[in-house]
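In what follows, residues are counted from 1 in the order of the sequence shown.
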Amino acid sequence: MSDALFLLPHLRSGTVVCEASLVAAGQARSVKVALPQAVAAGDDVPVIDLLVLRLADGALRVYLNRCPHFGLPLNVREDYEFLNDEGDEVVLRCQHHYMDFSPATGEGLSFECRGDALSDVPVTERDGQIVTL
């Protein structure tokens, strides 16, 4: 499997990430997007794993589903709940090493991840779909 950071530049503007209805306010999910434009002759179509979430206020965020600290997806299981309540705030938590990130900015909140951030993917909602800018 190709490195996700290598694939990120191949995520072209206008690429459909998913149906907007798949992620309600206060929810997050992993979505795999095929990148046929990144294929060399005879290669398999690479897939990039994105983390799509809606904040409680309905704002949309998409990040590369790759922990900047470990280099692995934030989730091990497909049914993992990315968003966790921590007192009066909600955080994105890496299932591998339990480090927290800000859902709104992707910035590392845990001591070991301060200065690190999730890779942001600019998107918009258009005609019931989430698409890249």
Side-chain angles (χ1 to χ4, degrees):
M1 182 167 159
S2 298
D3 183 85
L5 286 176
F6 168 77
L7 291 173
L8 199 54
H10 295 280
L11 192 60
R12 292 184 179 163
S13 177
T15 300
V16 174
V17 174
C18 67
E19 295 292 322
S21 62
L22 289 178
V23 184
Q27 291 184 333
R29 69 180 310 144
S30 170
V31 175
K32 298 190 177 28
V33 177
L35 300 174
Q37 62 273 16
V39 175
D43 287 347
D44 292 330
V45 175
V47 174
I48 192 166
D49 190 2
L50 301 177
L51 178 60
V52 180
L53 64 103
R54 275 194 201 276
L55 303 176
D57 66 3
L60 186 63
R61 298 286 187 274
V62 176
Y63 302 108
L64 183 62
N65 186 11
R66 181 179 188 272
C67 177
H69 185 241
F70 258 30
L72 297 170
L74 293 174
N75 60 316
V76 175
R77 298 183 327 268
E78 288 296 318
D79 63 345
Y80 180 63
E81 295 290 333
F82 293 94
L83 298 173
N84 291 270
D85 288 323
E86 283 299 315
D88 60 348
E89 69 178 328
V90 175
V91 297
L92 277 170
R93 180 162 294 146
C94 177
Q95 189 177 12
H96 292 281
H97 67 312
Y98 305 104
M99 295 299 118
D100 294 335
F101 299 89
S102 166
T105 66
E107 293 178 23
L109 300 174
S110 300
F111 177 76
E112 295 87 343
C113 291
R114 296 231 172 144
D116 290 333
L118 301 172
S119 297
D120 182 56
V121 177
V123 295
T124 189
E125 198 169 330
R126 184 183 316 138
D127 298 325
Q129 297 181 319
I130 298 170
V131 296
T132 57
L133 292 176

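The environment of D127 atom CG is sparse: at most 12 non-hydrogen atoms of other residues, nucleotides or ligands sit within 6.0 angstrom. Within a 6.0 Å radius of CD in E125, other residues, nucleotides and ligands contribute more than 12 heavy atoms.
Atoms CD1 and NE2, from I48 and H10 in turn, are 9.5 Å apart once rounded to the nearest 0.5 Å. Within the model, atoms CG of D100 and CD of E112 stand 10.0 Å from one another, a figure rounded to the nearest 0.5 Å. Atoms CG and OG1, from L8 and T132 in turn, are 10.0 Å apart once rounded to the nearest 0.5 Å. Summarising the geometry, atom CD belonging to E107 is positioned 10.5 Å from atom CZ belonging to R114; distances are rounded to the nearest 0.5 Å.
The side-chain heavy atoms of Y63 and L92, taken from C-beta on, include a pair separated by under 4.5 Å. Within the 4.5 Å cutoff, no side-chain heavy atoms of H69 are placed close to those of S110. Between P68 and F101 the shortest side-chain heavy-atom distance falls below 4.5 Å. Side-chain contact between V16 and V131 is present, with heavy atoms from C-beta onward closer than 4.5 Å. The shortest distance between side-chain heavy atoms of L22 and V52 does not fall below 4.5 Å. Between S30 and F82 there is a side-chain heavy-atom pair separated by less than 4.5 Å.
The aromatic rings of F70 and H96 sit tilted relative to each other, their planes meeting at an angle between 30° and 60°.
Cluster membership for V31 and L51, using ILVMFWY side-chain heavy atoms within less than 4.5 angstrom, is not shared. Clustering ILVMFWY residues whenever any of their side-chain heavy atoms sit less than 4.5 angstrom apart, transitively, puts V23 in the very cluster that holds L60. Tracing side-chain contacts under 4.5 Å through hydrophobic residues (I, L, V, M, F, W, Y), one never reaches L72 starting from Y80; they form parts of separate clusters. L118 and L83 fall within a single hydrophobic cluster, where Ile, Leu, Val, Met, Phe, Trp and Tyr side chains are chained together by heavy-atom contacts under 4.5 Å. Criterion: ILVMFWY side-chain heavy atoms under 4.5 Å apart, direct or through other members. Under it, I130 and L11 are part of a common hydrophobic cluster.
Tested against L50 for a side-chain contact (heavy atoms from CB on, under 4.5 Å), the candidates N65, T15, V121 yield a single pass: V121.
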Worksheet item: Passes side-chain contact (heavy atoms from CB on, under 4.5 Å), C18 versus R29? Steps please.
Response: CA-CA 10 Å; C18 67; R29 69 180 310 144; 5.5 Å; no
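H97 and C113 make their closest contact through NE2-SG, 3.9 Å (heavy atoms, listed as atom of the first residue, atom of the second, distance).
Between the side chain of R61 and the main chain of L53, no donor-acceptor pair closer than 3.5 Å is present.
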